[in-house]
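All remarks here apply to the structure that follows.
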Amino acid sequence: MKRQKVLFLKENYVLRVLKSFMVAGLFAIALLLILVHKIDLGIVSGVSNGIFYITAPLIRLVSLPADALSYGYKKTAAIANVYRENERLRQENEELFLLKDKMKALKAENKILKKLLHHIDLPQTQSYTARVIAENGDAFANSLIIYLGKEAPNIKRGYAVVNNRGLIGRIDIVSGNYARVTLLTDINSKIPVVSQKSRDRGILTGNNTNELSLIFTPLLAELHKGDLLVTSGVGGGLPPDIPVARIKRVGVENITAVPLFSASSLEIVKVIAYDIMPAAATAEELQ
Amino acid sequence: MSAAKNFFAGLGILLVPFISIMALVLLLCIPRFSEFWNLLRIAPFYAGIYFWQSQRPDAFNSITAFLLGIFADILGAAPLGVNIITFLVFYAISQHLSSYFNIKKFAYSWLLFIFATLATELFKGLLVSIFYRTLIPFKPLIFEFLLISALYPLFTRFYIWVERRFIHLEERYEKI
C-alpha cells in the first residue's frame, strides 16, 4: 500500500519543467564535451586523468581475487602438462644452441660493418614490465588498463606497449600508478609500419574489429598475404622494427592485417620508453 | 536533525543504483575469457539504466545517467561525451516507454528494453561515425546489441536483489 502511494505521487508542474530543462542542459554539456574532445583541448585530458585516477585502483582491487584464481588454474594446468612441456623445451633448447653460435658470429660481423660505415645507432631504449589489470572497451573502443607501480613517473603518453610477440598498443593516459593503453585494434590507433620483406611503408589503422587496415601504401607496393609488418620508426614516436601485424588479405581497394596478439590472453606487457623527439627549440631550428 | 537525516537517506537511495551498476561494470573489467567479452562490458550500463529508471524512478535520474556516461567513456577509451549522450538518449527513451507501456510485466519490459537498446545503439553508431568521419563496422555493433538484449534478465536479477536488499520502498519509508 505504501509503495503505491509513493510511486503515484503527483509531481509538481514546476519541478517537472525544471527536470526537462535539466535533461536538455545535460545533453548540451555532453555535446560540448564531444566538441572539446574533438578540438583536443587540455581540459578533457585533465578530467580523464582525474576519473582514471579514481577508477583504476578500484579495478585493481576487484581484480585481485580473479588474478589469484587465474594463477591457481594456470599452475594446476602447468603441473598436468609438465612432462610434455619438458620434452618440447628440450627440443627447442637444442635448436637454440645451434642458433646461438650463428648469432654470435653475425653480431660480431654486424659490429665491424657498422664501424666501417660510421653507422649511428639509435639510443638504447629502457623498458618497464607492467601487469594488465583490466581489459576495457566495447564495440567502439579497445583499451587495457595496466599497473605500473613505482615505475609510473618514468612512463609517458605515446610509449609503445609490447608483449612477447610484438606491439599491442600505445600508452594513452598515465594517472597515479596506472596507465591506459589504446590497443592497435582501436579506431584511434594509427601506426606507421613497413613491410619487413619489401620495405614498403604504410599506416596501420584500427577499426574496432580484429582486422586492421593498411592505408597510404605506395601504388606499386609489393605486399603479399603472410608478410610481416613492423614499426617503421617514422615520426620518432615508436622504435623501429617491432613486429606489429601479419597481412591477411591484399585487395585492390584495401589491404587488411591481423595483429599478433590476442587481447584476451594478455597478462604481462612491456612498456618501451623511447624518446628521440627533439626539444621544441631544436625542432624549430631543424625546420 | 530530521532534515539532515532525510537528506542523507535520499542521497543514499540515489547512490545505490549508481554503485550497483558500477560494481557490475568493474567486475566485468577483470576476466579476459574471449574476444566477445569486450562487447559485454557495456551491458550492465544499459540494463541498469533501464531497470532503475523504469522500476525506481525516484532513485535514478538523468544526472546519474550522465555520471555513468563519464565513467563509461573514461574506462572504455571512447571519446569523452559519446557514452554520456548515448546514456542520456537511452534514459529519455526508456522514460518515454515506461510511461506509456506496462513495464510491470517482465516480458513486456524486456521487449521494450530490446527496442530501446536497438534505437540507442544505432544512434551511438551514427554518433561515433560522425565523430571519426568514417562509417564504423556494424558487425560488432549488432553483436553487442544481441549480447545486451540476451543478458538483460541476468543483470536484472542482480539489480532486483540490490533493490530488495538495500532500498526497498516499504522498508525505506518505515525507517524514515
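Chain A is the first sequence line, chain B the second, and so forth, proteins listed ahead of strands; every chain is numbered from 1.
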Heavy-atom pair of closest approach, residues B/Ala47 and B/Phe155: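 Heavy-atom minimum between the residues: CB-CB, 3.8 Å.
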Interface moiety of A/Leu32 toward chain B, non-hydrogen atoms closer than 4.5 Å: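 No part of A/Leu32 comes within 4.5 Å of chain B.
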Which answer fits [X], side chain, backbone, both or neither, if we ask what part of it has an atom under 4.5 Å from a heavy atom of chain A?
{"X": "B/Asn83", "result": "side chain"}
{"X": "B/Lys139", "result": "neither"}
{"X": "B/Leu127", "result": "side chain"}
{"X": "B/Phe131", "result": "both"}

B/Phe45 vs B/Phe87, ring pair (Phe, Tyr, Trp, His ring centres under 6.0 Å): CA-CA, chis, key distance, verdict: CA-CA 8 Å; B/Phe45 284 114; B/Phe87 291 171; 5.1 Å; yes
Options A/Ile145, A/Ile34, A/Asn208, A/Thr209, ranked by heavy-atom pairs under 4.5 Å with chain B, top entry: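 If we count pairs closer than 4.5 Å to chain B, A/Ile34 comes out on top.
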When A/Ile187, A/Asp172, A/Asn207 are compared by non-hydrogen pairs under 4.5 Å with chain B, the top option: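 Ranked by contacts with chain B, first place is A/Ile187.
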Among the listed options B/Val128, B/Ile84, B/Ile70, B/Asp73, the residue most often paired with chain A at heavy-atom distances under 4.5 Å: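 Among the listed options, the one with the most contacts to chain A is B/Val128.
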Pick from B/Ala43, B/Gly125, B/Pro79 with the largest number of heavy-atom pairs that fall under 4.5 Å of chain A: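 Most heavy-atom pairs within the cutoff with chain A belong to B/Pro79.
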Salt bridge (Lys or Arg N to Asp or Glu O under 4.0 Å) involving A/Arg249 - partner list, sequence neighbours excluded: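 Listed in chain order: A/Glu211.
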Test item: A/Arg246 side-chain N/O and A/Lys225 main-chain N/O as donor-acceptor pair under 3.5 Å: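 No; judged by distance alone, with no hydrogens or angles, the pair does not exist.
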Parallel, tilted or perpendicular: ring planes of B/Tyr91 versus B/Phe60, cut at 30 and 60 degrees: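 B/Tyr91 vs B/Phe60 ring planes: tilted.
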Rounded distance [0.5 Å steps], NZ in A/Lys190 versus CZ in A/Phe216: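 A/Lys190 NZ to A/Phe216 CZ: 9.0 Å, rounded to 0.5 Å.
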Qualifying residue, where the test is side-chain contact (heavy atoms from CB on, under 4.5 Å) with A/Leu214 and the options are A/Val250, A/Thr205, A/Ile203, A/Val193: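 Looking at A/Val250, A/Thr205, A/Ile203, A/Val193, the match for A/Leu214 under the side-chain contact (heavy atoms from CB on, under 4.5 Å) is A/Val193.
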